[in-house]
Amino acid sequence: MIQDTLIQLEKTISLIEKKNRQLEEKNEELIKSNTKLKETVKEKIQSEKMASIGHLATGVAHEMNNPLGFVMSNIGRAQEYALKLKEMIFSYEKGFQSLVEQGHTPALTAHDAVQKFFKEKEMDYVLEDFPKLLEESQEGLNRVHQTLKDLHNFARVAPEQMELSNLHEGIDSTLRLLRHELKNKVTVTKEYGQIPKIRCNLSKLNQVFLNLFMNAVQAIQDQGELKIRTEHEKNFVRVYISDTGCGIDPKQQYKIFEPFYSTKTQGQNMGLGLSTAVSIVKQHGGNIQVESQPGLGTCFTLTLPMAGIPDL
Ligand SMILES: Nc1ncnc2c1ncn2[C@@H]1O[C@H](COP(=O)(O)OP(=O)(O)OP(=O)(O)O)[C@@H](O)[C@H]1O
Ligand SMILES: [Mg+2]
């Protein structure tokens, strides 16, 4: 009787153990699908974000390009006119001078009045400064024009294709977009090697550069350096992005690539920059590595195959 009960008990225990194992397996599956879900949500948020930035950028660029075009062309004309006006004033001056030399009294009086006006209104300075002002304005407009172009390229809509692209162009235009964040805080040094064009989706890689540059800027407290070095090795291109920021605690280094991991307390950082960068680089058949020393700085290394992988 006891024997039977014991056998029954053993059977029940083994059944419970089996159920327990099944539960653990299900639990693991759940954890995995949860992580996957988080990744999918993150990718979805990021791609929606990029798509709306793309639309916005294209719209803004389009709206601004037309007025910018005619302001630029008007300033060009105004520069020509300024030169002509300057020439005209000099030729009047010459005419007056010859009349005065011939003893023409009314001309002398008029000449004196003009000289007085010139002095009072600092006309020598005005005539010298006028073309310079126009030139500076032209330069400012060229910069606005370049920024619009960069914005447009950066967030190009329909960025799903891989094409042969120059990584240096992508890095430069991303840096130009960040000019405001960098100025007075970060000194940028570039050591560009002889790298070939690689088959990639440049606007997606620009997103990687942007995330890494932003992290560098945010890691630097007052002033620091951001260095970008590129090199070509066999079938790969490497981009080293290093900063002299706060560095990363070795115990946290394995966590930084996880979605939603962030040590920033400002509230705008979602902890998605690096995980997004990793998934984009993986889509290109490459990888990202990190080396960091707390208090000294961090270096991220992107390794990208020259040939890329088939269309995303
Ligand atoms: N260059 C760096 N120097 C120091 N710490 C870094 C650097 N880059 C990343 N980190 C650390 O890794 C964490 C994760 O970076 P990630 O870019 O994924 O998220 P985030 O910058 O916090 O937020 P988000 O990118 O979404 O704005 C950061 O919060 C920071 O602790
Ligand atoms: Mg970030």
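These numbers were taken from a predicted model, which means no experiment stands behind them. Numbering of ligands and ligand atoms starts at 1, following listing order.
Thr244 places a side-chain N or O within donor-acceptor distance of the main-chain N or O of Glu225, the cut-off being under 3.5 Å. The closest donor-acceptor contact from the side chain of His232 to the backbone of Lys234 lies under 3.5 Å.
Hydrophobic clustering (side-chain heavy atoms under 4.5 Å, transitive across Ile, Leu, Val, Met, Phe, Trp, Tyr) groups Val208 together with Phe257. The hydrophobic clustering, which links ILVMFWY residues whose side-chain heavy atoms are closer than 4.5 Å, places Leu99 and Tyr92 apart.
Closest non-hydrogen pair, Glu231 versus Tyr240, comes out as OE2-OH, 2.9 Å.
Looking at Ser275 next to ligand 1, no N or O pair under 3.5 Å apart turns up. Geometrically, ligand 1 and Met270 share a nitrogen or oxygen pair separated by less than 3.5 Å.
For atom 18 (O) of ligand 1, the closest non-hydrogen atom on the protein side is Leu274 N, 2.8 Å. Nearest protein neighbour of atom 21 (O) of ligand 1, counting heavy atoms only, is Lys264 NZ, 2.6 Å. Nearest protein heavy-atom neighbour of atom 25 (O) of ligand 1: Gly273 N, 3.1 Å. For atom 19 (O) of ligand 1, the closest heavy atom belonging to the protein is Gly271 CA, 3.2 Å. Regarding atom 27 (O) of ligand 1, its nearest protein heavy-atom neighbour is Asn269 ND2, 2.9 Å.
Using a 4.0 Å cut-off between charged nitrogen and carboxylate oxygen, Glu120 and Lys116 count as a salt-bridge pair. Between Glu136 and Lys132 there is no salt bridge, since no side-chain nitrogen of the basic residue lies less than 4.0 Å from a carboxylate oxygen of the acidic one. Under a 4.0 Å N-O distance rule, the pair Glu191/Lys227 qualifies as a salt bridge. For the pair Lys119 and Asp124, the salt-bridge criterion is not met [side-chain N within less than 4.0 Å of a carboxylate O].
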Practice item. Assess whether side chain to side chain contact (heavy atoms under 4.5 Å, CB included) is satisfied between Leu182 and Phe213, documenting all intermediate values. Key: CA-CA 9 Å; Leu182 299 166; Phe213 296 160; 5.8 Å; no
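Heavy atoms of other residues, nucleotides or ligands lying less than 6.0 angstrom from CE of Met64 number 12 at most.
When the heavy-atom distances from atom 6 (C) of ligand 1 to Thr298, Asn215, Val290, Ile248 are ranked, the shortest goes to Ile248. Closest to atom 14 (C) of ligand 1 by heavy atom, among Phe260, Phe300, Tyr261, Phe213, is Tyr261. Ranked by closest heavy atom to atom 30 (C) of ligand 1, the top entry among Leu212, Ile241, Thr276, Thr263 is Thr263.
Distances below 4.0 Å separate heavy atoms of Ala219 from the following atoms of ligand 1: 2 (C), 3 (N), 4 (C). Listed by atom number, the atoms of ligand 1 under 4.0 Å from Asp243 heavy atoms are 1 (N), 2 (C). Interface of Ser262 with ligand 1, defined as ligand atoms under 4.0 Å from a residue heavy atom, comprises 20 (P), 22 (O), 29 (O). In summary, the atoms of ligand 1 found under 4.0 Å from a heavy atom of Ile256, numbered by their order in the structure, are 11 (C), 12 (O), 14 (C), 18 (O).
Proximity of Asn211 to ligand 1, defined as any heavy-atom pair under 4.0 Å, is not found for any part of the residue.
The distance from the Mg ion (ligand 2) to the nearest N/O/S atom of Asn215 is under 2.8 Å.
Note on ligand 1: Gly245 sits outside its first shell, no heavy atom being nearer than 4.0 Å.
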